[in-house]
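Right, one structure below, let's go through it.
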Amino acid sequence: MSADAPWSDLKARVLSAALMAIVGLIAVWNGGFLFLELVCAVCGLMVWEAARMFGARLAIALGVMAAVVLTGTYFLPDAFALPLILSTGLVAAGQVEKDKSILFGVITWIMLGCFALLLL
């Protein structure tokens with residue numbers, strides 16, 4: 001193994017980070033629906049990744065569910081937000097064999113953080 005092997009993908013990582021930063025800044029600057037959908041998409045990706053790490057059977061469906069639920073919490077009255085967020089965590093916990101409570105906490109924490117970002 002050569003000394004350059006750990007840095008061989010640095011260019012791709014820097015370019016992707018720059019692209020994500022530009023997209024994020026544009027969404028923050030414009031606000032509104034673009035920002036809402038970016039936050040919901042990122043939330044769905046984070047939930048998908050967490051569910052995949054815990055071995056959930058339907059990780060992609062959980063990511064989509066999280067994005068849809070978060071979008072719904074934005075348009076529905078605030079009284080519906082917490083039950084919807086908790087339901088996403090419960091559905092995720094039902095998809096794994098072990099560490100159900102940890103996955104429930106992780107998914108709920110992700111969803112609450114993204115919901116708080118939308119409230120700002």
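Excluded from the calculations below are hydrogen atoms, water molecules and symmetry mates; all remaining heavy atoms, backbone and side chain alike, are included.
Under the 4.5 Å side-chain heavy-atom criterion for ILVMFWY residues, a single connected hydrophobic cluster contains both Leu117 and Ile85. Hydrophobic clustering (side-chain heavy atoms under 4.5 Å, transitive across Ile, Leu, Val, Met, Phe, Trp, Tyr) groups Met65 together with Met46. Under the 4.5 Å side-chain heavy-atom criterion for grouping Ile, Leu, Val, Met, Phe, Trp and Tyr, Val28 is connected to Val42 within one hydrophobic cluster. The cluster map of Ile, Leu, Val, Met, Phe, Trp and Tyr, joined by side-chain heavy atoms under 4.5 Å apart, puts Val69 and Leu119 in the same cluster. Side-chain heavy atoms closer than 4.5 Å link hydrophobic residues (I, L, V, M, F, W, Y) into clusters, and following such links, even through other members, never connects Leu10 to Leu15.
Taking the side chain as every heavy atom from C-beta outward, Met111 and Leu86 never approach each other to under 4.5 Å. Counting heavy atoms from C-beta on, the side chains of Thr73 and Phe80 never come closer than 4.5 Å. Leu36 has its side chain within reach of Phe33: a pair of non-hydrogen atoms, C-beta onward, lies under 4.5 Å apart. For the pair Leu112 and Leu82, the minimum side-chain heavy-atom distance is below 4.5 Å. The shortest side-chain heavy-atom distance between Leu38 and Ile26 does not fall under the 4.5 Å cut-off. Within the 4.5 Å cutoff, side-chain heavy atoms of Leu84 are placed close to those of Leu76.
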Just do the side-chain contact (heavy atoms from CB on, under 4.5 Å) check on Thr71 and Glu37 with the steps written out, would you?
CA-CA 7 Å; Thr71 303; Glu37 288 308 312; 3.8 Å; yes
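A distance of 13.0 Å separates CD in Glu49 from CG in Leu62, rounded to the nearest 0.5 Å.
Between Ala92 and Ile107 the shortest heavy-atom distance is CB-CG1, 3.8 Å. Counting all heavy atoms, side chain and backbone alike, Ala50 lies closest to Ile110 at CB-CD1, 4.2 Å. Taking all atoms of both residues into account, the shortest heavy-atom contact from Phe104 to Ala93 is CB-CB, 4.2 Å. When every heavy atom of Phe115 is checked against every heavy atom of Ala81, the shortest pair comes out as CZ-CB, 3.5 Å. The two atoms that bring Cys114 and Leu70 nearest to each other are CB-CD2, 3.5 Å, heavy atoms only. When all heavy atoms of Cys40 and Leu118 are compared, the closest pair comes out as SG-CD1, 4.4 Å.
Environment of CZ in Phe35: crowded, with over 12 heavy atoms of neighbouring residues, nucleotides or ligands closer than 6.0 Å.
Side-chain atoms of Thr108 do not come within 3.5 Å of backbone N or O of Gly105 as any donor-acceptor pair.
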